[in-house]
Enquirer: 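Before anything else, here's the structure in question.
For this chain, numbers begin at 1 and follow the sequence in order.
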Amino acid sequence: MATVFSSSALLSPSSSSSPLPPTTSPKLPPPKHLPISLPKQPPTTLTVTLTAAAAAAILTTAAAPLPSLADPPATAFQVYYGTAASAANYGGYGGNSDKKDSAEYVYDIPAGWKERLVSKVEKGTNGTDSEFYNPKKRAEKEYLTYLAGFRQLAPKDVVLNNLALSDVALQDLIGSADSVSSEERKDEKGQVYYVYEIDGVVAHSLISVTCANNKLYAHFVNAPTPEWNRDQETLRHLHESFKTVGSF
């Protein structure tokens with residue numbers, strides 16, 4: 001006779017009366033992220049070239065001085081060729097293109113200055129041969145006079161007094177001047193120039209006088225005191241640019 005087993009009989013008394021405690025998994029430490037070191041790539045030729053160019057540009061920019069906003073722009077000049085023609089042979093109306101071949105003297109003119117046409121009467125009375133002026137201030141000007149029949153220069157004071165006899169403005173300037181200086185200079189060819197500087201209360205004058213071609217040439221640079229203080233460098237350049245042809 002077969003024996004029938006009950007399923008309850010397979011369970012032990014202890015397992016049915018006391019449940020097993022829950023199983024707890026042990027806590028593991030969080031994983032550590034190790035830094036990954038990538039292999040360094042050597043710099044390419046293009047990278048090196050661009051880096052060097054940028055460094056050179058920075059050094060160049062740092063070394064080059066920046067232009068000052070207070071610095072005035074450089075003055076441009078053109079050369080005037082004077083013929084010192086007699087009043088009888090003087091046309092009196094502009095033109096400088098045909099004068100170079102027959103010029104007896106030269107001097108520089110600042111860009112923008114205007115020529116004042118000298119009349120035959122003025123040329124015949126006081127010997128004025130040419131004149132240019134600043135259109136912003138007509139009293140700022142340069143001009144040249146000449147007298148024929150002079151082989152050599154007289155003493156400096158005699159020459160200045162003779163120039164003043166035919167120039168009323170020069171007389172007034174000398175009479176009210178704070179100082180009048182004079183000196184003798186020679187160019188590289190030995191030609192003698194008398195140089196005068198007249199410092200007045202209201203105006204300043206630079207005069208250069210020499211003899212050549214049996215003539216006495218006197219070059220004047222005049223300016224009111226405010227213009228002199230502003231344009232002194234340019235005006236001295238005009239003064240020093242005067243030369244007779246054959247002496248340069």
Enquirer: So, R230 and E140, do they make that salt bridge, N to O below 4.0 Å?
Expert: yes
Enquirer: Indicate whether any N or O donor in one side chain lies under 3.5 Å from an N or O acceptor in the other, for T210 and Q191.
Expert: yes
Enquirer: Quick check: are there more than 12 heavy atoms from other residues, nucleotides or ligands sitting under 6.0 Å from CD of E183?
Expert: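 Yes, because the 6.0 Å sphere around CD of E183 holds more than 12 heavy atoms from other groups.
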Enquirer: List the atom of H219, the atom of H239, and the distance in Å for their closest heavy-atom pair.
Expert: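 Smallest heavy-atom distance, with atoms named: CE1-CA, 4.1 Å.
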Enquirer: Does atom CD of E233 have more than 12 heavy-atom neighbours from other groups under 6.0 Å away?
Expert: no
Enquirer: Taking the inter-plane angle between the rings of F242 and Y193 on a 0 to 90° scale, is it parallel (under 30°), tilted (30 to 60°) or perpendicular (over 60°)?
Expert: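 The rings of F242 and Y193 stand perpendicular, inter-plane angle above 60°.
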Enquirer: Within 45° of the axis and under 6.0 Å from the centre of the six-membered ring of Y133, does NZ or CZ of R116 qualify?
Expert: no
Enquirer: Tell me, please, which residues at least two apart from N213 pass side-chain hydrogen bond (donor to acceptor under 3.5 Å, both in side chains).
Expert: Y217
Enquirer: Aromatic contact between Y143 and F132, with the criterion being ring centroids under 6.0 Å apart: yes or no?
Expert: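 When the ring centroids of Y143 and F132 are compared, they turn out to be at least 6.0 Å apart.
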Enquirer: What I want to find out is whether E184 reaches K186 closely enough, with some N-O distance under 4.0 Å, to be called a salt bridge.
Expert: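 Salt bridge flag = no for K186 with E184.
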Enquirer: H204: what forms a ring-ring contact (aromatic ring centres under 6.0 Å, His included) with it, not counting sequence neighbours?
Expert: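 Result, ring-ring contact (aromatic ring centres under 6.0 Å, His included) vs H204: W228.
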Enquirer: Among all residues two or more places apart in sequence or in another chain, which pass the side-chain hydrogen bond (donor to acceptor under 3.5 Å, both in side chains) test with D172?
Expert: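 D172 satisfies side-chain hydrogen bond (donor to acceptor under 3.5 Å, both in side chains) with no other residue.
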Enquirer: Of all heavy-atom pairs between A218 and L163, which one has the smallest distance, and what is that distance?
Expert: CB-CD2, 3.8 Å
Enquirer: Quick one: do the S130 and Y107 side chains pair a donor with an acceptor below 3.5 Å?
Expert: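 Result is yes, a qualifying pair exists.
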Enquirer: Is it true that K243 and E104 make a salt bridge, defined as a side-chain N closer than 4.0 Å to a carboxylate O?
Expert: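 So K243 does not pair with E104 through a salt bridge.
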Enquirer: Grab the two heavy atoms, one from L238 and one from D108, that are nearest each other, plus how far apart they are.
Expert: CD2-O, 3.3 Å
